[in-house]
Every structure is written in structure tokens, then in C-alpha cells.
Amino acid sequence: MITSAVAPLLRRFAAALLLGGSLFPASLAGAQVAPPTLGMGALPYFAWPESAEREASRWEGSFARLSTGFEVSSSKHSGSYAGPTIGFEGGRMWQEGDLVYGVVGGFDYLAAIGGGPTPAFGRYAYSRDFSGAIQFKVGTLVTPDVLVYAKAGAWAVNEKLHFGPTSTSLPFNRQDVMVRPDARVGVEWAVTDRLSVAVEAGVTGPGLR
């Protein structure tokens, strides 16, 4: 039995429910009673995953890798040097059809071999050990596994100059870190998704400072 004190409260509660239900749009009210499968059909198409994703490319995406190789450098005025290198490289590449482009950077160490530490009379020799670079890279795929590319950027290198004796001075060495413009071309072969082999040739400009 409902007492006279409780009855007004129940009438007010029922009125509030009716008022609240009338504020919802008809479409939402209908969705409350529709089966779940019908409600899902109203979602926009971009909320669903694509039916077939594009095949991932080994040339596209961010990467970080260790590298090793052998460097040979020759100059008419400062002689030549050569040696094995080991380093680290990373960057981000994009692919549009056969076009591959992006930004790469890294550093390496060269262990120079051969050649004497003291140049001949009146001459000087150049060598380097640590270096780092940041470059823009663009290339084209000649096959799905072979990329022909060009790189251009700046190269910071720890340079060593070895000066031979002269009539007024004894042999001496000078060492400094220089930033130089650098441009290269190369061919890279993706042996697997985790291993690639590249051959590069390039030129390095005068110091920027």
C-alpha cells in the first residue's frame, strides 16, 4: 500500500522519466530497441579496417642498423688512404611507386691501414677516423630488390693532416673536426629484409668553417 507521503514522490519520478525520454531524438530512441547487428550498420565506413592492406615494402619506414665496409679515398694533393669501417645508420624512408626518398644519418669509424705516418719532403697526407653525416636520399627501384640512389648533405669528420719536413720546419701533425658538403651516388641490393649490400662513390667539398 502506498502512503499519501510517498505517492507524490513517485508521481514526480515518473514525470521526470517521461520528460527525459521525450528529449532524445527519434533516431537514438529507435537505436535503443534495435538489435545490436542493426546498430553496427550505422557506423561510418572509415571506422572499419580496410579489407586488404597494402603490402609492406622493405624500402619504406624507419630503420636503424649497423654497417660495415671498406673505404678508399684518393686526392692529387693529399695522397690516399683506405681502411675498414664500422658504424651505425638510421633514418626514415618513404616510397611512391618505384621512387624511394627520405632522410638518413649516422656515424662511423675508419681504421686506416697502409701508408707511412710521415709524408715525403714538402708534402702532406690526409686521413680521418670518426665521422658523422646527415643526408637526403632519393632513388629509384630498377628491380624490387635493387635501388639506384643519390645522397647529398653535410659530413662532419675528425680530420688528420700529416705534414712532411720542409727547409724551415720539422714534420708535424694537425687534427681538427671539419664540416664539409658531401654528395654520393650508389647502388643498394636488398639481399633479405634485414641484410643489404651497397656500393657508393662520391665527392666531398671544402670545409664549411
Side-chain angles (χ1 to χ4, degrees), residues 57-117 119 123-163 173-209:
S57 169
R58 67 178 59 180
W59 301 103
E60 186 175 31
S62 301
F63 70 93
R65 62 191 180 195
L66 294 175
S67 62
T68 184
F70 194 90
E71 181 175 330
V72 178
S73 178
S74 179
S75 171
K76 179 179 179 180
H77 301 288
S78 58
S80 61
Y81 67 91
T85 64
I86 184 170
F88 172 85
E89 184 180 6
R92 178 70 168 88
M93 302 298 294
W94 293 268
Q95 182 177 352
E96 298 290 341
D98 290 336
L99 178 68
V100 179
Y101 60 93
V103 180
V104 298
F107 60 88
D108 71 359
Y109 172 76
L110 181 143
I113 57 175
R123 299 184 65 85
Y124 71 96
Y126 170 91
S127 66
R128 67 95 170 172
D129 47 19
F130 289 99
S131 70
I134 182 167
Q135 299 166 316
F136 296 98
K137 180 177 180 179
V138 60
T140 183
L141 293 171
V142 294
T143 74
D145 298 330
V146 178
L147 177 71
V148 177
Y149 65 87
K151 295 192 296 187
W155 189 42
V157 55
N158 185 40
E159 301 180 334
K160 297 179 180 180
L161 290 174
H162 310 277
F163 294 89
N173 300 324
R174 189 175 70 189
Q175 182 172 328
D176 198 5
V177 176
M178 296 294 292
V179 178
R180 299 176 178 273
D182 185 66
R184 305 186 182 200
V185 294
V187 179
E188 183 174 358
W189 173 37
V191 182
T192 69
D193 289 340
R194 295 181 177 273
L195 175 65
S196 64
V197 178
V199 177
E200 282 188 356
V203 293
T204 302
L208 300 179
R209 70 169 186 81

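What's counted below: heavy atoms across the whole structure, side chains too, no hydrogens, waters or symmetry copies.
The salt bridge (Lys or Arg N to Asp or Glu O under 4.0 Å) pairs that include a residue from residues 84-95 are Arg65-Glu89, where partners are two or more places apart or lie in different chains. For residues 130-142, every residue pair satisfying the salt bridge (Lys or Arg N to Asp or Glu O under 4.0 Å) rule, not counting sequence neighbours, is listed here: Lys137-Glu188.
When all heavy atoms of Trp59 and Leu141 are compared, the closest pair comes out as NE1-CD2, 3.4 Å. Between Ser196 and Ala190, the shortest heavy-atom contact is CB-CA, 4.1 Å. Heavy atoms only, all atoms of each residue included: Thr85 and Thr68 are closest at O-OG1, 2.9 Å. In plain terms, the two heavy atoms of His162 and Ser127 that are nearest each other are NE2-OG, 3.3 Å.
Between Asp182 and Arg184, at least one side-chain nitrogen of the basic residue sits less than 4.0 Å from a carboxylate oxygen of the acidic one, meeting the salt-bridge criterion.
Expressed to the nearest 0.5 Å, how far CZ of Phe70 lies from CD1 of Ile113 amounts to 4.0 Å. A distance of 9.0 Å separates CG of Asn173 from CG of Leu161, quoted to the nearest 0.5 Å.
With sequence neighbours left out, the side chain to side chain donor-acceptor pair (under 3.5 Å) criterion links Ser67 to no other residue. Applying the side chain to side chain donor-acceptor pair (under 3.5 Å) rule to Asp145 yields the partners Arg58; only residues at least two apart in sequence or on another chain are considered. Residues passing the ring-ring contact (aromatic ring centres under 6.0 Å, His included) test with Phe130, sequence neighbours excluded: Tyr109.
Counting heavy-atom neighbours within 6.0 Å of Phe136 CZ, excluding the residue itself, gives a total of 12 or less.
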Show the atom names and distances, to 0.1 Å, of all donor-acceptor pairs under 3.5 Å that link a side chain in residues 147-157 to residues at least two apart or in another chain.
residue	atom	partner	partner atom	Å
Tyr149	OH	Glu200	OE2	2.8
Lys151	NZ	Gln135	OE1	3.4
Lys151	NZ	Glu200	OE2	2.8
Trp155	NE1	Ser131	OG	3.3

Quiz item: side-chain contact (heavy atoms from CB on, under 4.5 Å) between Asp129 and Lys160: does it pass, once the steps are laid out?
Solution: CA-CA 8 Å; Asp129 47 19; Lys160 297 179 180 180; 3.2 Å; yes
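Under the 4.5 Å side-chain criterion, counting only non-hydrogen atoms from C-beta, Leu66 is not in contact with Ile86. With a 4.5 Å cut-off on side-chain heavy atoms, Asp176 and Glu159 do not count as touching. Within the 4.5 Å cutoff, no side-chain heavy atoms of Val199 are placed close to those of Trp189.
A donor-acceptor pair under 3.5 Å links the side-chain atoms of Gln95 to the main chain of Gly97, judged by distance alone.
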